[in-house]
Each structure stands twice: as C-alpha cells, then as structure tokens.
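Heads up, the thing below is written out as structure tokens.
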Amino acid sequence: MTDSKYFTTTKKGEIFELKAELNSDKKEKKKEAVKKVIASMTVGKDVSALFPDVVNCMQTDNLELKKLVYLYLMNYAKSQPDMAIMAVNTFVKDCEDPNPLIRALAVRTMGCIRVDKITEYLCEPLRKCLKDEDPYVRKTAAVCVAKLHDINAQLVEDQGFLDTLKDLISDSNPMVVANAVAALSEIAESHPSSNLLDLNPQSINKLLTALNECTEWGQIFILDCLANYMPKDDREAQSICERVTPRLSHANSAVVLSAVKVLMKFMEMLSKDLDYYGTLLKKLAPPLVTLLSAEPELQYVALRNINLIVQKRPEILKHEMKVFFVKYNDPIYVKLEKLDIMIRLASQANIAQVLAELKEYATEVDVDFVRKAVRAIGRCAIKVEQSAERCVSTLLDLIQTKVNYVVQEAIVVIKDIFRKYPNKYESVIATLCENLDSLDEPEARAAMIWIVGEYAERIDNADELLESFLEGFHDESTQVQLQLLTAIVKLFLKKPTETQELVQQVLSLATQDSDNPDLRDRGYIYWRLLSTDPVAAKEVVLAEKPLISEETDLIEPTLLDELICYIGTLASVYHKPPSAFVEGSRGIVHKSLPPRTGSSESAESPDAAPSGAPPSEQPAVIPTQGDLLGDLLNLDLGPPVSGPPVATTSVQMGAVDLLGGGLDSLMGGTGFTAPSAVMPANLGPPPSGGLGDLFDLAGGVGTLSGSHVAPKTVWLPAMKAKGLEISGTFSRQVGAISMDLLLTNKALQVMSDFAIQFNRNSFGLAPAAPLQIHAPLAPNQTVEISLPLNTVGSVMKMDPLNNLQVAVKNNIDVFYFSTLYPLHILFVEDGKMERQMFLATWKDIPNENEAQFQIRDCPLSADAVSSKLQGSNIFTVAKRNVEGQDMLYQSLKLTNGIWVLAELRIQPGSPSFTLSLKCRAPEVSHYVYQAYETILKN
Amino acid sequence: MIHSLFLINCSGDIFLEKHWKSVVSQSVCDYFFEAQEKAADVENVPPVISTPHHYLISIYREKIFFVSVIQTEVPPLFVIEFLHRVADTFQDYFGECSETAIKDNVVIVYELLEEMLDNGFPLATESNILKELIKPPTILRSVVNSITGSSNMGETLPTGQLSNIPWRKAVVKYTNNEAYFDVIEEIDAIIDKSGSTVFAEIQGVIDSCIKLSGMPDLSLSFMNPRLLDDVSFHPCIRFKRWESERVLSFIPPDGNFRLISYRVSSQNLVAIPVYVKHIISFKENSSSGRFDVTIGPKQNMGKTVEGVIVTVHMPKAVLNMNLTSTQGSYTFDPVLKVLTWDIGKISPQKLPNLKGIVNLQSGAPKPEENPSLNIQFKIQQLAISGLKVNRLDMFGEKYKPFKGVKYITKAGKFQVRT
C-alpha cells in the first residue's frame, strides 16, 4: 500500500469528493482524505478551496493528523487569511499542551503562517515558549523569533523578543544556544548596523562550550558567529584557535570549512615566530585535502575556497600538489578548479610533475579543459622561470599534434612567454608561422600577428605574412584589426624601404574604411606620428615594453583579505565580496582580517577595523563616470604645469600615453584650459589687515598652527582603484589651502606617473602644483604628500555645495572619487568686519536669508569658543551679555568674497548654542554651520 | 537559510517541491534547466547557480537533482551537506532514493522534510531521531495501521533529541548483543602510460553495526594507530582521548553508522595490487585500431584479487570492437562508447587478456585522445594500508557482547592512462 494512490484521482469532482471525505465522521477516512489533499498540494494542484474543511480536522488528538493539517495550513494560510484566523484558537491551546512535542509544533507552525493577523496572536504564546521549561520548546521558539522578524520586524523589536533571544545565548542547553545564535545571525543580516551579536569574552566562552556539545548544524552557526569576533590580543586568538581545531576532524564538511575560516582569520593575529603558528599551519592541510574526497559538489565549493587559501597562505598546501591532479571522470567544474590550483601551487620543486600532468590533460576530450590546460602550461612558464624552456618545448610538442584548438591556445600563451622572456625563445617562430593558416580564432590570430610584428626583423617574409591577413581586413574582429595595424606600423619602422605601400594601405583601411572609432583613432595617431616625426614614432611604437608579471591572475590583496573572512560562504564561491552580489546589500559591513598584534607589521589603518567607519563618512567613489569623463577629458592630465617628473616617464607608457599625447594634437587644444602657472593671489602671506588683525593674530592661540584639520579618512578604497588607496584631509595654514594625501600601494606592481585633477566645483578649487611623487610607489609602500590648492579654477555649482570630484591617474589607470571638503578651509584671514559695517550689513541682508542652527553638547565658555573659532578664521566682531546669555557676533569671508555674519548665543551652564547665520548667499549657511560644528567639537 | 527544495528527474519534471518560508515559484527552476542544457552532461551541471533573486544549490544523486533555493548568504557546503543528508534519509527509509520511491511515500517524504528543516534551519537530521518521530514504512505496519487505525508517527518527544548524546536512543534492548566493524579501504590512483604511479592514496572508512543494549561505552584501539593522521570522526567520538591516547572512545549510536573515515596518502604506504599492460592504438588514415589489454596481480599480500571489472570510455569515432578475451566477458555500448570487461578473479598462473580490432567511423580523423582504463576490484580480508584493529573494550554494561571485525580493500577511482 503506497501513497501513489493519492495521485490517481484526477476525475472531475475530485474536490467535491474530498470535501465529503473530510467531513466524514470516521477518523480513518478523514486522515486518508487529508493525505490525499496534501499529495495534491505537493504536485502543485490548487486545493485551497478545501480550507475550511481541512481546518475543521485540526482539533484532534491524533498527532499525525494534526501535523498534516498544519502542513496544509502553512501552504494556504496566506491565500485565505480570514479563514486562517479560525485556526488561531487551536494554536493557542496547543501552546499550553502538556506534551512538549505539541507545544513546540504549535509555535513552530504558527511562525510559518505568514499572515499579519495571526502574528499578533502569536506574541503571547511565543513569549511563554521562549521561557518554557523544556529546552526542545525553547529551541523551537528561538527559530520562531527569526520567522516572526521576517514577517514583521517592528513587532519583534517592540515586543522585546530580541533581548530574550540574546539571553538564550547563555542558555544551559547547547542546542538552544546554537539556535539562538542562528536566529540572531539571520536577523542581523537584515540589520547590518545593529549590534545584535556583540560578543565579549564571556559570551565567546559560552559559545565555545556549546560548540563541543551541539549538533553539527549548530556548530556551523556558532563557528560562523565566532568568525565575526575580534579577539583583543594574540593570546585570546590562540586560545580560541586551540578550542576550534578539533572541529577540523568533523565528518560534516561544512563544519570543517567554517572552522578553517575561524582559524585562517585568527591566525592573522598570531606571530609567525610562535611554535603554535607552525602547528596550526600543519593541522590545516589534512582536512582541506579530505574535503576533496567527498562528493563532486562538495569538492567544487572546497576547491573554490582552497583557491583563496593557497593565495593567502601557500605554505599550507605546498606539499599536496598531487591531490589536485585531475581524474578523467571528474565533472568539468571540478577539473577546471583543480587546474587553477595546480598552477598556483606550481614551483621549481614540483614543476616537472605538473608539466607532465598538464601535457596529459592537453590530450583529453573536453575542449574547454584542454584549452585551459594549454594556457596553464604558459602560466607555469611565466611563473617558474627555470621551467620556461621545458614549457616552451612542451607547447611545441602540442603544436605538432595539429589539433586545431590546441595550436591556437598554444600560440596565445607563447605570445605571453615572449613578453616575459624577450629574445630567448624566438627560434620557435618558424614553427609558429607554419600554423598560420589554421588559426581561425581572433585571439590566436591577434597573438600571431603581434608576434610577427614584434619580431619582423627576424622573419624574412613578415611583410608577406601580414599582407595575407590584410586581404580580409574588414572581416576580422576589432582585436585582430588593431593588432594588424600596430604590427604593420612596427614592420614599417623596422624595414621602411620595402613596406611603404603596405603601411599606407593599412592606414587608409583603418582611417577611411572603418567605422570603428578605436581603430580610426589609432590609425590617425600612427599616421600623424609617422608623417611628422618618424624618430619619435620609432621611440613610441618600438619602445621597450614592460615585462608581464607572473601574478596577473591573482586576486588583489585587499579583496583577498576580505574574502578570507568569507570562507565557506557564497562570496567565496564567486570570489566577490557579498556587497558585489547579495541582493539588497544595504550597508553590508566590509569584513577585514584582524591586524597582527605583537609585531611591527600592523600597517593597517585604524579604520580598516571590522566595525568600519560610519557610512556617512565613507567617501563616495563616483560610480558613473560618464558625466565627469567629459569634463576631465577637456582638462589635460598629461603635461604638468611645472613638473619634470612625469614628462620623462611618458615614453615607457606605450599605448596609454600615445593616446594621451595624440589627443592634444588631434584636438588642437580645443577646450584645453590648463591652469597655467599663475601664482594664485591667496597663496602668499595673508594680506595685512591693519593693527586690529595683528592683535587678533597674537591673541588667538591656535592661529599660527592654522585652522582645524580633520583626521585623514579613506577617500578611495584600494578595492575600487586596482590597489591604490588614497586617504586624505584638507587643511589651511597661513592662508594656504592644501590637500594632505596619503597614497598607499596595495597592489602587487609598482605605481608611477601620478597625476591629479579636479572637476569644476563650487569654489573653483584646483591644484596649485602638480602632484609631485618623485619615486615610483613600490607595493605596500605609502607616501604622504601635501598638495597645495588654489581657488582660481573653473566654477560650477555642485550638490552638495562642498562636493569635490577628483581624478587621480597613475600608470595603471585613471580613478575617480568624490569627497566633501570642510568649508572652513575657505575662510580667509581678512574675514574680520568692522563693527559698524557688521551692523549695517546685518540689517541690509533680508531676514529670509537668516538661518538658525543648534549646536549641541559643546561645553565651552564664550571666550574659549571665540578663540577656538578665530583659529579657523571666524572672527568675533563684538561680544555682549544679554539677560545672562553671551552673544557673540562674528564674521567670516569665503575665498570667493562672500561674507557670512553670525550670531552665536551661549547660555552659561548649558552645552547648547544657538547659531544664527545671515548671508547674501543663503545656500552656504548650512555648510558654515557644519564648519562651526567640526571646529567647536575638535 | 534554505528556502525551498525542488526535486527534478532526468527528463526535467519537477516532481516534488517543498517550501520552508514563503512560496518560491517553480519558474526559478528555469535557470537550473538553462544551466543543465549548457552543461550537456547531467554530471557537469554546476552545483551553485546564481539567478537574479535567488541562488540555486543542487546535488545530483540517483538520477534525481535536489535543487535548493536560497535567498541570503548561506554557506553552500552547509546546503550541499544537508541535501545529501536528505537523500541519505530517503535511502534509509525507503531502501532506495528514486523517483518512484519518493512518489510512493510522498506523505512521509513531506513529514520528513518538515521535521528535518524548520524555517530553513536543520532540526532533526539524525536517522535515529527521525525514526522515532516518523516510523519508516513497512508492509506489516501499514497493514496493522489500516486495521487498528493507529498512525506511523511517534507521539512523544524523541529521547535523544536533547541529551548530550543526541545520536542514541535512551532505551535500547537486544537479546543478542553484537558489535561489528567493517574496515573498508578504497584505493584512488592514477597510473601513467609506463605503469608508474602518478598519484595514489587510500580512502578508508570504518562502518559499524552496533546492536548493544543500554548505554555501552566502547573503546576501540589499533595495532598501528600512527597510520591515521588525517581522520574525520563521527560526533560520538571523544576527540581528546584520541589526541592523547590514539584510542577511539565513544558511546555508539544504535544501528549502522560510519565511525571514522580516514586518508592515507604517503606514497610508500599505498600498495598497488594490480598492473595493466595495454596497447590501444589507431592507425593513421585507416578506419581501424588495435586493442590489447592484459591485467595481472601485484603487491596483493598473498590474497586473491577478485571482482575485477575494466571499463574504458572509447573515443567518439569508435563504431564497434571485435575482441576476444581469455577470461570473463566483455560488452561494448556503441551509443555511450563504453567497453566493459567483467573479469572476476585474477589467477597469477594465467593472466586475463582482451584483444582485437577497433573499428572506426570511416573517414573520421584519427582520435586524438587516449582512453583511460577504469579498474574495479576487491580484495577480501585485507586492509591495504595495513591498519589492524587491536581490541574492543566495553564499559558501562555488564553483558558480554559478540564482536567482529572485517577487512576489505576495493578500487576507488583507479585509473590507468594509456
């Protein structure tokens, strides 16, 4: 007797029949009917019409029948909310049942009925169940809080369920603890800012105790929660690691990987000299390898994570190369991942084995895999210098097989090898040329053309070869066309006499017959270059190219560090931080590895701590470059005003500079508004403002040290700028505004050729000198630089008013970010108004221009306020005492000549001030108020 | 957490769906079908698929795709482990995890899924606990139920659910108390053309069948525990005791379970029990090739290698094969291009050989790839790593149990490249 019979009633009137059976007096018949209803439901049939009849069966002593009815309710309550109310009474009654199984079942089911009206009735039973004497009920109730939060978050907060849930973390039963942690984690996910799970050493200790005793799933929740904790020092980190290591031997792979995450993260805090550090490294290898003997789906996730781990700490798995060898019946997704890791682990010690394997794979059936294997050989050559020769000969062997896609792939990687080891393996070019005709993929064709162009002087018939490509020029893809253009220009520069015709042909093809702007522009540039100055053309086109680096495919270190914190999650599978793909990632907190304590390596800036800077201070990296780009293109990043450093390096820059330089001549300087070396007026010493000012200068304590300077904040995170991190602040000292920058290179390659440019802004802020960084910035190096600014740039009103959009260029790319500058850097030194003048102006400005603000929590006396503000060029014109209140009348002037008048009312004993501002341009008032706030509170 | 589950058969029908939170429309599976189509082979469907609003994490077991839908960041391994656990439970309850079995027991399946996951959080996944809550179907029980009207659902809270040993029931009684351990080792190896070992390791498990009354506390010790340096334990094992004394000390679950799994990888410990001599070659510009394979015993510690089966995935261009074998029988599947040679026991006196002609599609180019040979075998009464159980002691109960240990070595993923 099986359940399949429930599926067989497909006749008409089925619902009617069921209805009759449901209302039958016989218990057994009822149960059978409910089973039939459930069976129909599972296959997606609509049986919601039976709702009242099924609910009627709910009041029963038969547990199975009750469960079945509950199943039905969960499915259909949403569509029949009014009917669902009928069930409430039974639920409430069941929550008081002496049998804990029924109590738990009732509270569990109620939580699954996603109907608002029902949730109201749920609160009281839930509160009772959270404090139930039976842990089984408590643990079920803990999950129910998460369910309720999903339906009505406000209700959960109002009812204080979150606090009860937090208390359950200290429950005596480990299962209750685990479920409470799981529920809190889920709730916290939709409230990233809340500190629902703020852990302290005591709660950590409780979690670690529960970890040993709860179920495997509970262990995962607890470990993931632990990973978010930041131990206070290396000793605490070590003790947590010691208690987590036994989890590495768990049979459940998810437990193992979560434990690996905790260890990888906390290891960061341990000193490398520590014996324990070495022990831990050794302990990590076996469990990772064991994950690879599991089912293929598990292997895949494990491999994606191992890929991160070997990049972060290659020493863990360096002896385990063989476990990544591919079996012919592995699923393709496993094969590709294994291959990737093999290359990462390849070293001089194991390269022979690796190459033998890769060669084996290159004869497999699966085309994708074969291609990747061939590429892998090339990557090995680039990574392990000693093996380059062997790799090249392996590739040549593969080319001899004449298998089409193998040959093409091999040619693409040989091109890379040439770029890494120039003038070493050119003897193979002849063999490559033999296969010219079989190349039909654009990438391979482009690679081959590049090789021919680059080594044109050694290939006797280079012109013939290139000419043969030229015949079908318009049918080629852009990639090939561009390569062909460059290759022929190279050829011409090397053998000018024989190839004049060819070069003319290609230039006319590119510039006249093509509608691809890239191709046309490049064609024009070459044309101009060749026709104006062939020597310069030679220098540019045949310039020595930078060697390609072996680590091009590595994940940026900052991203890698973040991903290590996400081991075992979806982020680790996609190799992207959750903010990049998780839906509704409002304000996801970026995680970062803890800084190493007890050693001098802690170069991490304080705001990199996991709590992160408050979002309001995060500078916005300009996401849409479109509108800005137009502006920035007009400004020229290339030739600096008076800076020798950039000019000398421009030759090496190859294509980038070629384009930059070319644009000038092409555009003929249209819209070229270089801020020529005008010495800005207010860069000199402050204009003398009479005796009164001098007194003020002497009186103000902070004056000489300049106005208030905010601490530096990160403006451009390294993740968004290919490894360049910029933090900075603005300052004003003796009349000179400057932007104090801290540039850190978090990438793997050296950065050079820095330049900076501002977009037009509200006050015409512009760099007064080029960004002078004399030496290239090595990886992990930081340079501090102060960039003098003036206010003679182009003006465009921004929103917010003090928004500044900045472009920074280096040899890698151009990056854009925007930041807000404090207005007080624009307060000039001669901003003190005569008393009479002040009175007259105050009256003159219409009242609707007056704005009033409150400055709270500022326990300063009137004199202290006065002297503090004067340090930032806000001058007190007069002081009066009216009805026990101190009134300060103040004036300030902005760089563009706008006067702002202020009345500051200070009530002795009260920390709140009232600030009234009057100005002819009322839109600045708010920003002046912000400046007051920052100056007074620092 | 886990939002929904869809079970999909090979022809692409969704035959069961279960939602633990709000209902997710079946149409989300379209993304899965798309990926499936792209993958061509069912085994190559990527396990994690992202869709605009959800993530689909799937496993493929017994010709069924278990596709779970998740909406927030969840550890994928957690989901995959859970799905495998669902499949294991079906297997355990219905004897097989097939579409028919699931459809035949759809109500129990639903009850099980409801019991295993609550709001996406795993609730009860231990087979012992589940069986107390929901009794597995038996013919006798369904007959009795239909007569007496009693149900197949437990009415009380499972005892193990909350104790410190959730894997064991409180009251267990047997008239014959027995404890059996099977030490099963599988050799994973890749042998290259010339017969040398590229890679070899042993994946071992100790599966136990324990039927002991009361609360027995067992200690299992080995002659050579040093062999075990990479071990995964069943939660019942006391980790500290293993760390300090290399003894497995535990209160066992009732019934069948996997006590430990381990891996032995150091090359010198992994003996390769068979060798293969092979010639598989295709002639240039001719539509035929040569096939000649001989298999022989090696390093088998004096035991017989039996149950030997050789499977070869031949290149696509192969039409059929004309072979003669000195032992066993062979079949060639011309659709899947799989050659299976069932040999049986290998006797060292007369080595089994299979040779003959391979016929290729006329006009097809000479196949580039060389087929790998997949070899299965087993050796009774031998753990190839040399692992030996020393003794089993029982504490906490007075009776004398019957004890037994069995060893077996099998081929795991054992591949010979040609």
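Every chain is numbered from 1 and lettered A, B, ... according to where its sequence line falls, protein lines coming before strand lines. Scope of the values below: all heavy atoms of this structure, side chains included, with no hydrogens, waters or symmetry mates.
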Which bit of [X] comes within less than 4.5 Å of chain B, counting heavy atoms only: side chain, backbone, both or neither?
| X | answer |
| --- | --- |
| A:E360 | side chain |
| A:Y328 | both |
| A:Q219 | neither |
| A:A104 | neither |
| A:Y361 | side chain |
| A:K335 | neither |
| A:L71 | side chain |
| A:E337 | neither |
| A:V255 | neither |
| A:L68 | side chain |
| A:V34 | neither |
| A:N305 | neither |

Measure [X] against the heavy atoms of chain A and call it side chain, backbone, both or neither at under 4.5 Å.
| X | answer |
| --- | --- |
| B:F239 | side chain |
| B:E114 | both |
| B:I190 | side chain |
| B:Y262 | neither |
| B:S261 | neither |
| B:I70 | side chain |
| B:R85 | side chain |
| B:E243 | side chain |
| B:H19 | neither |

Counting heavy-atom pairs closer than 4.5 Å to chain A, which one of [options] comes out on top?
| options | value |
| --- | --- |
| B:D192, B:N374, B:D188 | B:N374 |
| B:K240, B:E186, B:K316, B:R263 | B:R263 |
| B:K413, B:Q203, B:H84 | B:H84 |
| B:H234, B:E201, B:K21 | B:K21 |
| B:I57, B:L83, B:V45 | B:V45 |

Minimum heavy-atom distance between B:E81 and A:A254, given as atom pair plus value: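 Of all heavy-atom pairs spanning B:E81 and A:A254, the closest is CG-N, 4.1 Å.
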
Which atom of B:S232 lies closest to which atom of A:A251, heavy atoms considered: CB-CA, 4.0 Å

Residues A:E364, B:R417: salt bridge by 4.0 Å N-O rule: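 Salt bridge: no.
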
Side-chain heavy atoms of B:P76 within contact of A:L570, under 4.5 Å: yes

Steps toward side-chain contact (heavy atoms from CB on, under 4.5 Å) verdict (A:T569, B:V74): CA-CA 6 Å; A:T569 66; B:V74 178; over 6 Å; no

Can you tell me how far [atom2] of [Y] sits from [atom1] of [X], rounded to the nearest 0.5 angstrom?
| X | Y | atom1 | atom2 | result |
| --- | --- | --- | --- | --- |
| B:L123 | A:Y136 | CG | OH | 5.0 Å |
| A:S249 | B:I260 | OG | CD1 | 10.5 Å |
| B:D230 | A:S293 | CG | OG | 8.0 Å |
| B:W20 | A:C112 | CH2 | SG | 11.5 Å |
| B:D118 | A:C144 | CG | SG | 8.0 Å |
| A:K327 | B:S372 | NZ | OG | 12.0 Å |

Derivation of the side-chain contact (heavy atoms from CB on, under 4.5 Å) call for A:E295 and B:I59: CA-CA 9 Å; A:E295 289 85 356; B:I59 63 163; over 6 Å; no

Near-ring test A:F221/B:F78, centroid separation under 6.0 angstrom: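 Centroid distance B:F78-A:F221: below 6.0 Å, so yes.
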
Among A:K67, A:K36, A:K35, the one residue meeting side-chain contact (heavy atoms from CB on, under 4.5 Å) with B:V107: A:K35

Could you have a look at [options] and say which one has the most heavy-atom pairs with chain B under 4.5 angstrom?
| options | value |
| --- | --- |
| A:V403, A:L298, A:T140 | A:L298 |
| A:P246, A:P331, A:A183 | A:P246 |
| A:D224, A:N329, A:T401 | A:N329 |
| A:N252, A:V301, A:T363, A:V323 | A:N252 |
| A:I332, A:V256, A:L257, A:I102 | A:I332 |

Pairs touching residues 38-51 of chain B that satisfy side-chain hydrogen bond (donor to acceptor under 3.5 Å, both in side chains), sequence neighbours left out: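 Residue pairs passing side-chain hydrogen bond (donor to acceptor under 3.5 Å, both in side chains), neighbours aside: none found.
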
Trace of the side-chain contact (heavy atoms from CB on, under 4.5 Å) decision for B:N119 with A:E186: CA-CA 11 Å; B:N119 194 37; A:E186 193 178 73; 3.9 Å; yes

Geometric class of the A:Y574/B:Y55 ring pair [parallel <30°, tilted 30-60°, perpendicular >60°]: tilted

side-chain contact (heavy atoms from CB on, under 4.5 Å) evaluation trace for A:E297 with B:V48: CA-CA 9 Å; A:E297 300 95 359; B:V48 185; over 6 Å; no

